Amino acid sequence: METPVIVAIDGPSGTGKSSTSKAVAAKLGLAYLDTGAQYRAMTWWMLNNGVDVTDPAEVALAAGKPQIVSGTDPAAPVISVDGQDVSAPIRTQQVTSAVSAVSAVPEVRGRLVELQRAAAAGAARGIVVEGRDIGTTVLPDATLKIYLTASEEARAARRNGELKGKEAVGLAATREALAKRDAADSGRRTSPLAKADDAVEVDTTELTLDQVVERIVTLIGERAAR
Ligand SMILES: Nc1ncnc2c1ncn2[C@@H]1O[C@H](COP(=O)(O)OP(=O)(O)O)[C@@H](O)[C@H]1O
Ligand SMILES: Nc1ccn([C@H]2C[C@H](O)[C@@H](COP(=O)(O)OP(=O)(O)O)O2)c(=O)n1
């Protein structure tokens, strides 16, 4: 049997990680894992269970409690907590604004990194895993590591386009919230957002989604042929 292909895709918010990872996985028949969704699910559970997310000690004590299960089908990426599908509620502004604090707590990371490595080990053909520290920490031996970037303007415009109805806050506020989350995710002590030394950086500002997908599929083909 062929060696499974492990693709790590990291980068800040709005660079296209989720869309690109799902499309690459679907195109190559690989599994897909959204690790950001796992940090969001952990955060959602904490907010729903009265945990003070600004208190790292309280978060650390609770980190082992929720049962988080991620689907790995790129066509239908579901995530559940204690048997409840939380795919929608983990995307609210309330969760988004609390997720950086929760994901900075080492006990949270330890628990989720274990789930992430198990998902990668269980993917027979291979997997595309997206997040912030996949290339640096979770899967340092990945076949291919990609670090996606895009200008702050492009990222804010993309994110703003997704927020509808009462969740819409305007471009300036979206940009500010993005910058704040990036700073928190890059500045934390444990496993911060960072480009791995051996990652290929792809600036998506001027590229369409199809162009980004094509570039990554080509790189995977080159690596797999080595
Ligand atoms: N290359 C691209 N050009 C324009 N828009 C894009 C591109 N890649 C992704 N998008 C759009 O930007 C938004 C954020 O993409 P997403 O994949 O969720 O980013 P991330 O996972 O990095 O936060 C989505 O609405 C997506 O459709
Ligand atoms: N591997 C990861 C993935 C996400 N996180 C944290 C940091 C991020 O701000 C949140 C949410 O990640 P997610 O990928 O859902 O964020 P966006 O889709 O970019 O808005 O989780 C992390 O610490 N490590």
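Keep in mind that what you see is a predicted model, and the values were worked out from it rather than measured. Just so you know, ligand 1 is whichever comes first in the structure, and atom 1 is the first atom listed for that ligand.
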Protein contact of [atom] - nearest heavy atom, named by residue and atom, plus distance:
{"atom": "atom 6 (C) of ligand 2", "result": "Ser103 OG, 3.6 Å"}
{"atom": "atom 24 (N) of ligand 2", "result": "Arg109 NH2, 2.9 Å"}
{"atom": "atom 9 (O) of ligand 2", "result": "Asp185 OD2, 2.6 Å"}
{"atom": "atom 3 (C) of ligand 2", "result": "Thr35 OG1, 3.3 Å"}
{"atom": "atom 12 (O) of ligand 2", "result": "Gly36 CA, 3.5 Å"}

I'd like to know if Pro12 contacts ligand 1, where contact means a heavy-atom distance under 4.0 Å to any ligand atom.
yes

So, does Gly14 sit close enough to ligand 1 that a heavy atom of it is under 4.0 Å from the ligand?
yes

Examine the proximity of ligand 2 to Arg181 and report which part, side chain or backbone, both or neither, has a heavy atom under 4.0 Å away.
side chain

Which is it for Lys180 and ligand 2 at heavy atoms under 4.0 Å: side chain, backbone, both or neither?
neither

Does a donor on one side chain and an acceptor on the other come within less than 3.5 Å for Arg159 and Thr96?
no

Leu148 contact mode with ligand 1 (heavy-atom cut-off under 4.0 Å):
neither

At under 4.0 Å between heavy atoms, is it the side chain or the backbone of Arg159 that contacts ligand 1, or both, or neither?
side chain

Output the list of atoms in ligand 2 that are nearer than 4.0 Å to some heavy atom of Arg40, sorted by atom number.
11 (C), 13 (P), 15 (O), 16 (O), 17 (P), 20 (O)

Quick one, Ile146 and Arg215 - any side-chain contact, counting heavy atoms below 4.5 Å?
no

